[in-house]
Amino acid sequence: MSDLRRVTRFLSPYKREVAIATVFLGLVVLADLYIPRLIQVIIDDGVAQRDMNVVLTTSLLMIGVSILEAVLSIANTLYSVKVSRGFEADLREAIFKKIQTFSFGNLDDLNTGQLLTRLTSDLTQVQMIISMGLRMFIRAPLMFIGSFGIMFAINPDLVTVILSLLPVTFLLVTFFIRFVRPLFTQVQERLDYLNQVLQENLSGIRVVKAFVRSDYENKRFEKANMELYETSLKMRQYTSIFFPIVMMLMNLGTVAIIYYGGLQVFVGKTSVGQIMAFTNYLFSTMFPVLMLSMMAGQISAASASASRIMEVLDAVPEIQDSPEAIRLDEIQGKVVFESVTFSYRDDGGDPVLTDISFTAEPGEKVALLGQTGSGKSSLINLIPRFYDANLGRVTIDGYDVKEIEMSNLRRHIGFSLQEAILFSGTIRDNIRYGRPDASDEKVVEAAKIAQAHEFIMTFPEGYDTMVGQRGVNLSGGQKQRLAIARALLVKPKILILDDSTSAVDVETEAEIENALEELMSDTTSFIVAQRISTVLKADKILVLDNGRIAAQGNHEELMETSPLYQEIYDSQLGDGGAEA
Ligand SMILES: Nc1ncnc2c1ncn2[C@@H]1O[C@H](COP(=O)(O)OP(=O)(O)OP(=O)(O)O)[C@@H](O)[C@H]1O
Ligand SMILES: [Mg+2]
């Protein structure tokens, strides 16, 4: 509940609209309360007295009030909609912008599927309750209190008849809140789980097919689907009991009013018009009870959603600029690791990197070699501060990366992540993602170095070819080459390629390397590679083993000093294989 209250702070820009909507709503209630009174007048002063004049004028008044009420009601809805949709859009934007501030570590905690649910169905839940609230929250108590007040004024005796219905109503509402409300929450939880299964399956459907696991996945989905079905069925069954009973109570109340009222009419203590008005007011008191009970379920669903939304909004970006962060206009590109130790979790488990120390001089080519899981990606992720070292320092030109403004730091670095990710759009836009203002010549130049120009030109639309959902499907190696071109285009002083040619054939890979070498004479580059052929020409090779640097040096040095390096070399090229 408190999280639901906290998200309502996004209503604050709409204070004026909320106030106007509330005023209109108050007027609607007044009109609503006035109409039964007019019915009473028509019957008692008009029909009973055979005074056509009263009947006519009061009827006209009633028509007027009805029209006015309709207009007020529309006005209320228009303002409520404006508020709730505006609230929704603002909140959506806030969540999106918050996610943009996330560090890699935050993204490890909340995966894509979870974030997507929060931006869609959770948001809708909260928006719905706001919009309902603006139309119902004030209306229900006002109607309830107003109707009772007027009934007391008209005829206190008859009110006691209605009061006898209250305990039963109270019991019903308690039952509803006790048993049905948790079901709403459960339905929401099961829906979440179903969404998760669904999301996993849709993104992994190719794997499911490749491993012939359709039967298993069908069963898993069936189970989640059944569970959702059962709870939502139960919820609807319970609510279906609730409505008819309340309706029955209202009808019983009507009968009681007519019966006791009738007796009173006989002895002249009340009028037929009053009885008519009473039966109307009875509906005005019971209806809000019904609505509020219904909302109780919605509220618990919405507050669960609000908590999930607040979890995103409350998340603190793990990595932030220090207040005294500096900007560097130009850098030389000297990268030094000083006894760096790093782990993804601060839970004191085994660190992923231990005591890493090395120096990369400006313009040097550093190759990282090591088994899968040895920490290569983790190491290079520390340079652009995707994560922060726990112990030791990473410096660029002598400045600790933690002292440099993050956006400034990353502008000097060209990065091609291990997984090549492209956006929907043209090939050209993808390549110049980091420099949207780059000229077409620069784009072509980068593509040529990355050995992507040739295959791009085989498409009829060349660089304007759309990629992604509505465009061509690229092969893994083609995507990787576009990712390299994208990293090169920013003309970085530090270039990091994380296994960026793993899906590219050996020949093309060699061509990329040759082209890079010409271009990169004053760029410090870090190349993660699986193939030893890639590292042979490196100025410095770091051999990683289980998060530690097992050996460093150039090829010749390592062949002499590092048995692990020799082993890798032999396994790939064999004794007396290709020479450096
Ligand atoms: N985001 C993460 N959260 C927690 N642990 C991680 C994360 N990424 C990697 N690890 C762990 O850190 C260790 C090193 O992983 P890393 O990705 O650095 O290896 P790698 O040498 O790049 O392997 P590969 O050659 O397969 O890319 C592994 O044990 C891995 O399980
Ligand atoms: Mg890796």
Side-chain angles (χ1 to χ4, degrees), residues 99 101-115 200 203 207 315-319 335 337 339-358 360 365-392 394 401 413-421 476-477 479-480 483-484 487 494-504 506 509 525-535 538 540-552 558 562 564-565 567-569 571-572:
I99 295 172
T101 72
F102 273 18
S103 313
F104 280 47
N106 297 102
L107 293 168
D108 291 340
D109 296 336
L110 286 165
N111 65 37
T112 319
Q114 288 171 316
L115 290 175
E200 250 175 54
S203 55
V207 181
V316 181
E318 278 179 19
I319 293 176
V335 178
F337 274 57
S339 313
V340 168
T341 295
F342 168 69
S343 57
Y344 285 97
R345 295 271 159 271
D346 307 314
D347 57 8
D350 276 347
V352 170
L353 296 172
T354 313
D355 200 21
I356 303 285
S357 295
F358 69 88
K365 174 180 172 183
V366 179
L368 290 98
L369 202 63
Q371 282 181 334
T372 167
S374 56
K376 304 180 295 292
S377 297
S378 306
L379 189 153
I380 52 175
N381 280 343
L382 299 180
I383 302 172
R385 260 193 108 192
F386 291 156
Y387 296 91
D388 270 343
N390 301 78
L391 294 173
V394 178
V401 288
I413 301 174
F415 207 109
S416 166
L417 293 164
Q418 186 157 14
E419 190 190 352
I421 293 171
K479 279 189 204 157
Q480 283 189 334
I484 294 175
I494 299 172
L495 178 72
I496 302 174
L497 302 180
D498 189 353
D499 222 0
S500 301
T501 48
S502 58
V504 175
V506 183
E509 187 183 30
S525 55
F526 293 84
I527 318 277
V528 174
Q530 303 291 347
R531 297 187 192 124
I532 201 131
S533 55
T534 319
V535 310
K540 183 166 280 159
I541 302 165
L542 304 178
V543 184
L544 282 182
D545 183 24
N546 204 4
R548 290 171 186 274
I549 294 185
Q552 55 178 309
L558 290 178
S562 170
L564 180 62
Y565 184 79
E567 202 181 294
I568 301 171
Y569 180 83
S571 70
Q572 288 194 18

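Predicted model only: the values in this text are computed from it and were never measured. For ligands, and for the atoms within them, numbers begin at 1 and follow the listed sequence.
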Only heavy atoms of [X], strictly under 4.0 Å: list the atoms of ligand 1 that pass.
{"X": "Val352", "result": "12 (O), 13 (C), 14 (C)"}
{"X": "Ser378", "result": "14 (C), 15 (O), 16 (P), 18 (O)"}
{"X": "Tyr387", "result": "1 (N)"}
{"X": "Gln371", "result": "21 (O)"}
{"X": "Gln418", "result": "24 (P), 27 (O)"}
{"X": "Asp108", "result": "1 (N), 2 (C), 3 (N)"}

For [atom], find the nearest protein heavy atom and state the residue, atom name and distance (0.1 Å precision).
{"atom": "atom 25 (O) of ligand 1", "value": "Lys376 NZ, 2.7 Å"}
{"atom": "atom 10 (N) of ligand 1", "value": "Tyr344 CE1, 3.3 Å"}
{"atom": "atom 28 (C) of ligand 1", "value": "Gly373 O, 4.0 Å"}
{"atom": "atom 17 (O) of ligand 1", "value": "Ser377 CB, 3.6 Å"}
{"atom": "atom 26 (O) of ligand 1", "value": "Thr372 OG1, 2.6 Å"}

**Report entry** Asn390 atom CG, over 12 foreign heavy atoms within 6.0 Å
**Finding:**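 Yes, CG of Asn390 has more than 12 neighbouring heavy atoms, counting only those of other groups under 6.0 Å.
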Query raised in the report: Using the ring of each side chain (for Trp, its six-membered ring), is Tyr344 parallel, tilted or perpendicular to Tyr387, with breaks at 30° and 60°?
Result: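 The rings of Tyr344 and Tyr387 stand perpendicular, inter-plane angle above 60°.
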Report task. Check each of Asp499, Thr372, Thr501 against Gln530 using the side chain to side chain donor-acceptor pair (under 3.5 Å) test, and report the only one that passes. Result ->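 Answer to the side chain to side chain donor-acceptor pair (under 3.5 Å) test with Gln530 among Asp499, Thr372, Thr501: Asp499.
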Query raised in the report: Considering the options Gln480, Glu509, Arg531, which one meets the side chain to side chain donor-acceptor pair (under 3.5 Å) requirement together with Ser502?
Result: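 Per the side chain to side chain donor-acceptor pair (under 3.5 Å) rule, the option paired with Ser502 is Gln480, out of Gln480, Glu509, Arg531.
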Query raised in the report: Can a non-hydrogen atom of Gln530 be found less than 4.0 Å from any atom of ligand 1?
Result: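 Contact check Gln530 vs ligand 1: positive.
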Requested in this report: Examine ligand 1 and decide if any of its atoms is less than 4.0 Å from a heavy atom belonging to Gly370.
Outcome: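 No; Gly370 lies far enough from ligand 1 that no heavy-atom distance drops under 4.0 Å.
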Query raised in the report: Which atom pair, heavy atoms only, marks the closest approach of Glu318 to Asp109?
Result: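 Shortest heavy-atom separation between Glu318 and Asp109 comes out as OE2-OD2, 3.9 Å.
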Query raised in the report: Where do Leu369 and Ala529 come nearest, in terms of heavy atoms and distance?
Result: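 That would be CD1-O, 3.6 Å.
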To the closest 0.5 Å, what do you measure between [atom1] ([X]) and [atom2] ([Y])?
{"X": "Phe342", "Y": "Leu379", "atom1": "CZ", "atom2": "CG", "answer": "10.0 Å"}
{"X": "Leu417", "Y": "Phe104", "atom1": "CG", "atom2": "CZ", "answer": "5.5 Å"}
{"X": "Gln418", "Y": "Asn381", "atom1": "CD", "atom2": "CG", "answer": "9.0 Å"}
{"X": "Leu368", "Y": "Ile527", "atom1": "CG", "atom2": "CD1", "answer": "9.5 Å"}

Report task. Answer yes if a protein heavy atom lies under 4.0 Å from atom 7 (C) of ligand 1, otherwise answer no. Result ->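 It does; a protein heavy atom is within 4.0 Å.
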Requested in this report: Establish whether atom 31 (O) of ligand 1 and some protein heavy atom are separated by less than 4.0 angstrom.
Outcome: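 Neighbour list for atom 31 (O) of ligand 1 is empty of protein heavy atoms (cut-off 4.0 Å).
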Requested in this report: Taking the side chain as every heavy atom from C-beta outward, state whether Leu353 and Leu382 have any atom pair closer than 4.5 Å.
Outcome: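 Heavy-atom side-chain distance check passes, below 4.5 Å.
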**Report entry** Heteroatom test (N, O or S) for Thr372 near the Mg ion (ligand 2), limit 2.8 Å
**Finding:**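 So Thr372 does not bind the Mg ion (ligand 2) by this criterion.
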Query raised in the report: Would one find an N, O or S atom of Ser378, in either backbone or side chain, under 2.8 Å from the Mg ion (ligand 2)?
Result: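 Given the 2.8 Å cut-off, Ser378 does not count as a ligand of the Mg ion (ligand 2).
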